[in-house]
Amino acid sequence: MSPRTIIQPSRLSRGVRRWAQARHFSDRRVIFSGIQPTGTPHLGNYIGAIHRWVRLQDEPGEVSDLIYSVVDLHAITMPISPEVLRRHRREAMASLLAAGIDPDRSTLFYQSAIPAHSELMWILACRASTGYLSRMTQWKSKLSVASSTTLFDEDVRSSLKLGLFSYPVLQAADILLYRATHVPVGDDQRQHLEFARECVSNFNSTYGKHLVSPTTLSSPELRVMSLQNPAQKMSKSDKSHWSRILITDTPEEINKKVMGAVTDSENYVSYDPAARPGVSNLLRLLSYFDSGSRTPEQLAAELSSENAGLGVLKQSVSESIIAAMSGIRERYLQLLAEDGGGFIDHVAREGARKAQLRADETMAIVREAVGL
Ligand code: TRP
């Protein structure tokens, strides 16, 4: 649906109508995405979200509005101390800036700075089905219970908090508040995007066609696997710090971790994700950072034609990561240290100011439509 169609002038009061027409909703793409503040990002976070957001700034052709949020309200759906949350929010903001998010081209803000996220969530919640939410997977994986678990389970009912259960409603509000047309997310978020579209149709069929249905922007995004157990995604919760590369790692640390990556005992290069997950993970990383944009298969063919062993592969991967991450570590540490993080706060304030304008537009329409 085009953003234009969200306004049904006849159903809005004259004041809101005039003002909405003056603002005139254009056909620009509006891209929204959110990242949870989980501490210093690792390579998986960098490739899956941060770097992708940066690249959207440079996409030729279509002009898009880019709106990126550090979703701190989502972070409290799981226990987290105020001190840790405070630090993690800042670190998330610093990592986005260090990686190249440009506040002149993107709107960057903390979710909690815009109370309308919670307000819209409430309005959406009044139409959201608990049956639908109970079938979603994230609350089950956060509680570490089987995916077949239902709300009939007494233990689950007592440990499942309303906030975690309604996490997808808040996520839908994040997106719909900015009338986002496209949402870049990883595959694990598909279900949440489907639910957001469900919220749009619930709202629009009740109150008129006011909200925009967002499209999932999937990309051949790379799933970065643990360097110690290539069957698992790279994760901050893995006990071994050898399993992940952090954006704060020095070139020496990156090199040590890559050279120590678990592969297998065959000392030749081939791309075979099922049989050789460790080697394949390294080849995908090399391909991701490869300026010649060769596929993992092509890289494997080239390396094996040179009779290269796994040491050579690892050395190339290490060099490509170090080159790609160059400068990020320094900028990140500087942003956090300089002026007590003053620049980060300044960017977040400015971003919130811009986000607020757009949120106000949507909420005027939504409140009017609902009769508030
Ligand atoms: N749930 C997302 C994640 O864990 C984060 C998120 C919250 C988000 N709100 C969003 C992503 C809105 C895209 C759009 O990665």
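Start at 1 and go down the list; that is how both ligands and their atoms are numbered.
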Numbered atoms of ligand 1 (with element) below 4.0 Å of [X], judged on heavy atoms:
X      : value
Gly34  : 5 (C), 6 (C), 8 (C), 11 (C), 13 (C), 14 (C)
Val185 : 11 (C), 13 (C)
Ile175 : 12 (C), 14 (C)
Val71  : 7 (C), 9 (N)
His74  : 7 (C), 9 (N)

[X]-ligand 1 polar pair, N/O distance under 3.5 Å:
X      : result
Gln189 : yes
His192 : no
Ser33  : no

For atom 10 (C) of ligand 1, grab the closest protein heavy atom and report residue, atom and distance to one decimal in Å. Gln171 CG, 3.4 Å
May I ask you to identify the nearest protein heavy atom to atom 9 (N) of ligand 1, giving residue, atom name and distance to one decimal place in Å? Asp174 OD2, 2.7 Å
Would the Phe32 and His182 ring centres measure less than 6.0 Å apart?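 Between His182 and Phe32, which both carry aromatic rings, the centre distance is not below 6.0 Å.
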Tyr178 and His117 aromatic centres sub-6.0 Å: yes
Which distance, rounded to the nearest 0.5 Å, do you find between the [atom1] of [X] and the [atom2] of [Y]?
X      : Y      : atom1 : atom2 : answer
Arg52  : Ile31  : CZ    : CD1   : 9.5 Å
Lys314 : Leu227 : NZ    : CG    : 9.5 Å
Leu170 : Gln111 : CG    : CD    : 4.5 Å

Salt bridge check: are Glu91 and Arg86 linked by an N-O gap of less than 4.0 Å? no
Given that the side chain starts at C-beta and the backbone is N, CA, C, O, which of these parts of Val183 lies under 4.0 Å from ligand 1, counting heavy atoms, or is it both or neither?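 Near ligand 1, Val183 shows its side chain, while the N, CA, C and O stay back.
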Are the side chains of Arg358 and Lys354 in touch, meaning some heavy atoms are under 4.5 Å apart?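 Side chain of Arg358 against side chain of Lys354, heavy atoms only: no contact under 4.5 Å found.
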Tyr167, Phe32, Tyr178: member with heavy atom nearest to atom 1 (N) of ligand 1: Tyr167
Do the numbers put Arg276 on top of the ring of Tyr271, so that NZ or CZ is under 6.0 Å from the six-membered ring centre and no more than 45° off the axis? no
